[in-house]
Undergrad: 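One structure follows; several queries about it will come next.
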Protein chains: 2
Amino acid sequence: MSSTPPGFELPLRLFLAFRVLIDELHAELGRQGHPDIRPMHGFVMQAIGPDGTTAVDLGRTLGVTKQAAGKTVEALERIGYVERTRDPADTRRKIVRLTPYGMDALARSAAIFDDLRARWAAELGEDRLRALEADLRKMTPANLWRLDIPGWFGAP
Amino acid sequence: MSSTPPGFELPLRLFLAFRVLIDELHAELGRQGHPDIRPMHGFVMQAIGPDGTTAVDLGRTLGVTKQAAGKTVEALERIGYVERTRDPADTRRKIVRLTPYGMDALARSAAIFDDLRARWAAELGEDRLRALEADLRKMTPANLWRLDIPGWFGAP
DNA sequence: ACACGATAGACAACCTGGTTCACTATCTAG
DNA sequence: CTAGATAGTGAACCAGGTTGTCTATCGTGT
């Protein structure tokens with residue numbers, strides 16, 4: 001006869017679970033030769049994808065301004081994860097592409113996330129985890145990338 | 001015979017679910033006379049609790065420095081949600097307490113969160129939601145309040 | 001052919017919430 | 001009664017976000 005938990009526990013647990021996964025990802029990424037990568041960077045590189053993009057497009061994907069996207073790309077460029085080249089077909093545009101180092105980080109991230117998911121499956125059971133994922137999918141918007149982290153948090 | 005989803009979907013869905021709940025909370029809070037409250041503030045007020053606390057203690061609870069906690073308290077004070085009074089027993093300390101307005105916001109937050117949880121229960125089924133909560137509880141640390149949002153996100 | 005609107009990118013100023021370092025005031029224990 | 005710990009504050013800085021402005025380039029309509 002357990003009573004229903006207070007409503008505020010759910011969002012907190014969701015956030016904590018997210019945080020636990022991200023922290024573990026970055027601890028492991030650090031061990032695998034990517035100590036300087038930050039939580040944001042992984043998402044941004046995922047959003048850039050293997051084919052490259054532009055600052056404006058990246059901003060659209062992530063739900064932030066082109067200036068914000070540009071700044072992040074700059075930071076990523078400084079630490080060697082992306083490079084920008086002018087688009088010969090439209091010299092206004094600069095194509096942002098992952099470097100081999102960036103590709104490596106992205107591939108490792110994917111592998112580590114799969115591994116973390118497998119650990120959750122081992123702990124909870126694959127069926128329970130699938131149910132959890134299905135439920136979350138049901139309650140969240142389709143577009144995975146509109147994170148606007150962490151801007152929304154301080155937004156007016 | 002569905003294949004297992006990519007590992008990176010799980011953290012994203014967790015975050016998105018968190019975000020959806022928080023956004024809905026603040027939309028409703030806005031409608032109920034608290035338009036100026038920001039996502040951070042709700043958590044901080046929860047952490048302050050009905051008995052009050054101090055900046056140092058609050059920092060410890062939230063996992064941020066006392067200076068950061070102090071700044072947040074200042075902001076909350078400016079918009080009338082908390083007040084600070086010197087502790088007569090130790091004049092170094094300043095007790096941070098919720099004002100009646102702050103209490104109102106906290107009570108409404110709790111009610112809205114309960115309501116949001118009820119909506120999830122209606123959508124997913126109470127048993128599925130309980131399973132989800134139980135699974136998250138299993139995979140996250142006990143201390144609900146060590147959020148360090150959003151500092152951890154940009155932390156070195 | 002060309003002018004004009006739309007688009008890509010960059011720069012500056014500012015905001016929030018975090019950090020570290022340094023300092024004062026007060027408490028407490030030896 | 002002094003030495004060390006603790007509470008709070010201020011300053012300088014950082015990351016990542018915003019708006020607003022500016023230039024360069026593209027592409028379309030007359």
Side-chain angles (χ1 to χ4, degrees), chain A residues 19 26 36-45 47-48 52-79 81-97 146-156, chain B residues 19 22 26 36-45 47-48 52-79 82-97 146-156:
Chain A
R19 194 192 194 297
H26 284 86
D36 292 337
I37 209 170
R38 321 267 226 79
M40 275 291 317
H41 298 157
F43 291 104
V44 174
M45 290 198 292
I48 290 171
T53 181
T54 66
V56 167
D57 260 17
L58 184 57
R60 266 199 269 274
T61 305
L62 296 173
V64 300
T65 59
K66 58 184 182 172
Q67 292 92 330
K71 277 195 203 179
T72 307
V73 167
E74 245 175 78
L76 242 14
E77 198 176 28
R78 268 199 304 277
I79 56 174
Y81 284 90
V82 305
E83 59 192 0
R84 278 181 294 186
T85 55
R86 288 229 95 103
D87 183 347
D90 181 345
T91 60
R92 290 172 306 176
R93 308 176 78 222
K94 282 188 177 175
I95 313 288
V96 180
R97 276 202 193 75
R146 297 298 306 262
L147 301 176
D148 354 2
I149 308 169
W152 70 274
F153 218 93
Chain B
R19 196 191 192 298
I22 297 298
H26 283 87
D36 292 336
I37 210 169
R38 319 267 226 81
M40 275 292 316
H41 298 156
F43 290 105
V44 174
M45 290 198 293
I48 290 172
T53 182
T54 66
V56 167
D57 259 18
L58 184 58
R60 266 199 269 274
T61 305
L62 297 172
V64 300
T65 59
K66 58 184 182 172
Q67 292 92 332
K71 276 196 204 178
T72 306
V73 166
E74 244 175 80
L76 244 13
E77 197 175 29
R78 268 199 304 278
I79 56 175
V82 306
E83 59 192 0
R84 278 182 293 187
T85 56
R86 289 229 95 102
D87 183 346
D90 181 346
T91 61
R92 290 172 307 176
R93 308 175 78 221
K94 282 188 177 174
I95 313 288
V96 180
R97 277 202 193 74
R146 298 297 307 262
L147 301 176
D148 356 2
I149 309 168
W152 70 273
F153 218 93

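Every chain is numbered from 1 and lettered A, B, ... according to where its sequence line falls, protein lines coming before strand lines.
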Undergrad: Can you check the B:R92 CZ to C:dT28 P distance for me, whole Å?
TA: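 Going from B:R92 (CZ) to C:dT28 (P), I get 6 Å.
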Undergrad: Do A:T72 and A:F43 have side chains that approach each other closer than 4.5 Å (heavy atoms only, starting at C-beta)?
TA: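 The answer is no, as the side chains (C-beta and beyond) never meet within the 4.5 Å cut-off.
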Undergrad: Rounding to a whole Å, what distance do you find between A:K71:NZ and C:dC11:P?
TA: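 Interatomic distance, NZ of A:K71 to P of C:dC11: 12 Å.
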Undergrad: Touch check for A:T65, heavy atoms < 4.0 angstrom, all strands: base, sugar-phosphate only, or nothing?
TA: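 It contacts base atoms.
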Undergrad: Which is more 5' along DNA chain D, the nucleotide nearest A:A68 or the one nearest B:V56? Just name the residue.
TA: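 Nearest nucleotide further toward 5': that of B:V56.
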Undergrad: Starting the side chain at C-beta, find the nucleotide from D:dT25, D:dT18, C:dG18 nearest to A:D90.
TA: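 Of all the options, the side chain of A:D90 is nearest to D:dT25.
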Undergrad: So do the side chains of A:V96 and A:L58 get within less than 4.5 Å of each other, counting heavy atoms only?
TA: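 Contact flag for A:V96/A:L58 side chains = no.
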Undergrad: For A:R86, report the nucleic acid contact type (base, sugar-phosphate, nothing); a contact means any heavy atom under 4.0 Å.
TA: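 Nothing, no nucleic acid heavy atom in range.
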Undergrad: Whole-Å distance between D:dC22 C1' and A:Q67 CD?
TA: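 Between C1' of D:dC22 and CD of A:Q67: 12 Å.
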Undergrad: Whole angstroms only, please: what is the CZ-C1' distance between A:F43 and D:dG16?
TA: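 Whole-Å distance recorded here is 15 Å.
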Undergrad: Can you tell me the distance, in whole Å, between the CZ atom of A:R84 and the P atom of C:dA8?
TA: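 Roughly 15 Å, once rounded to whole Å.
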Undergrad: Less than 4.5 Å apart, any side-chain heavy atom of A:Y81 and any of A:M45?
TA: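 Sidechains of A:M45 and A:Y81: in contact.
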Undergrad: Considering only heavy atoms from C-beta outward, does the side chain of A:T61 approach that of A:T53 to under 4.5 Å?
TA: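 No. Closest side-chain heavy atoms not under 4.5 Å.
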Undergrad: Describe the nucleic acid contact of B:A55 in one word from base, sugar-phosphate, nothing, applying a heavy-atom distance below 4.0 Å.
TA: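 Since only primed, P, OP1 and OP2 atoms lie under 4.0 Å of B:A55, the category is sugar-phosphate.
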Undergrad: Taking only side-chain nitrogens and oxygens of A:T91, does any of them come within less than 4.0 Å of OP1 or OP2 of D:dC26?
TA: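 Answer is yes, contact under 4.0 Å.
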Undergrad: Nearest whole Å is fine: how far is D:dT9 C1' from B:R93 CZ?
TA: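 Rounded to the whole Å, the gap is 17 Å.
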Undergrad: Tell me if the side-chain of B:K66 makes a donor-acceptor pair with the base of D:dG8, cut-off 3.5 Å, by modelled atom types.
TA: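 Side chain to base: pair found, below 3.5 Å.
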Undergrad: Quick one: A:L58 CG to D:dG17 C1', roughly how many Å, whole number?
TA: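 Value for this atom pair: 14 Å.
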Undergrad: Map A:T72 and A:A89 onto DNA chain D by nearest heavy atom, then report which one ends up closer to the 5' terminus.
TA: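 In this pair, the answer is A:T72.
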Undergrad: For a quick test of reading the model: is some side-chain N or O of B:R38 closer than 4.0 Å to OP1 or OP2 of C:dC15?
TA: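 No, because none of the side-chain N or O atoms of B:R38 sits under 4.0 Å from OP1 or OP2 of C:dC15.
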Undergrad: To the nearest Å, give me how far apart CG (B:D36) and C1' (C:dT16) are.
TA: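 My rounded result for the distance is 15 Å.
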Undergrad: Check this one for me: any side-chain N or O of A:T54 less than 4.0 Å away from OP1 or OP2 of C:dG9?
TA: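 For C:dG9, OP1/OP2 do have a side-chain N/O of A:T54 under 4.0 Å.
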Undergrad: So among B:D57, B:D87, B:T85, which one has a side-chain hydrogen bond (donor to acceptor under 3.5 Å, both in side chains) with B:R93?
TA: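 Of the listed options, the one satisfying the test is B:D87.
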